[in-house]
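When a residue number appears, it is its place in the shown sequence, counting from 1. Scope of the values below: all heavy atoms of this structure, side chains included, with no hydrogens, waters or symmetry mates.
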Amino acid sequence: MTVSGALIVVGVLLLLLGAYSSWTAGRIDRLHHRVATARASLETELARRSALVAELAGSGVLDPASSLLLLDAAHRARTANSDERERSESALTRAIGATATDLEPWATELGTASRRVQLARRFHNDIVVSTRELRRRRIVTWFRLAGHAPMPGTIELEDGS
């Protein structure tokens, strides 16, 4: 093989490496956007659930102790900062389970809201796991294809799943 042939082979290999790196960086970017979208969807479902619980607590169909417990848990879940959010949402789930929320039509609505939270959390965590797996590949870390984006984290809630 001549020098010019070797240079062509090296050039083609570098071109292929560049194309693969570019494709992988784009994929990482798309996954990060999906994580952000899934997180927003989860936040929406959590807000809907806490609003429904607050509405139930204020409806007068529950005893005063149950109403107060649910209203306090819903308020804490809504106003929690990011460090306390998982704990307060889990506390809301426990409060829902501890009170007599099996009254119709509230039981159906709470069941639907809880399932939507479960699905949104699972979807978010699945995307986070996929993103983390891709970001742990050697080529991604060697060439810093993820840029300076923080590594996404899963959300762990007691949501009845």
Distance, nearest 0.5 Å, that separates CZ of Arg39 from CG of Leu42: 6.5 Å

hydrophobic_cluster_shared for Val35 and Val129, side chain cutoff 4.5 Å: no

Result of checking Ile127, Val128, Thr131 against Arg34 for side-chain contact (heavy atoms from CB on, under 4.5 Å): Ile127

Minimum-distance pair of heavy atoms, taken over all atoms of Glu156 and Thr154: OE2-OG1, 3.0 Å

Test: Arg85 and Glu89 ion pair at under 4.0 Å: yes

Side chain to side chain contact (heavy atoms under 4.5 Å, CB included) assessment of His124 paired with Ser41: CA-CA 9 Å; His124 174 270; Ser41 176; over 6 Å; no

No-hydrogen, no-angle side-chain donor-acceptor test under 3.5 Å, His32 and Arg135: yes

ILVMFWY cluster, Leu71 and Leu62 together (side-chain gap under 4.5 Å): no

Gap separating the CZ atom of Arg121 from the CG atom of Asp126, nearest 0.5 angstrom: 9.5 Å

Common cluster, Leu70/Val61, ILVMFWY with side-chain heavy-atom separation under 4.5 Å: yes

Step-by-step side chain to side chain contact (heavy atoms under 4.5 Å, CB included) determination, Thr141 to Arg136: CA-CA 7 Å; Thr141 55; Arg136 287 190 181 114; 5.9 Å; no

Non-hydrogen side-chain atoms of Val117 and Leu46 separated by less than 4.5 Å: yes

Arg87 bridged to Glu84 by N-O distance under 4.0 Å: yes

Closest non-hydrogen atom pair, Leu17 against Ile139: CD1-CD1, 3.6 Å

From CA spacing to verdict: side chain to side chain contact (heavy atoms under 4.5 Å, CB included), Leu7, Val3: CA-CA 6 Å; Leu7 287 175; Val3 173; 4.3 Å; yes

Cluster check Val53, Leu68: I/L/V/M/F/W/Y, side chain < 4.5 angstrom: no

ILVMFWY network linking Ile155 to Met151, side-chain heavy atoms under 4.5 angstrom: no

Cationic N near anionic O, under 4.0 Å, Arg76 to Asp72: yes

Spatial distance of atom NE2 (His33) from atom CZ (Arg30) [nearest 0.5 Å]: 9.5 Å

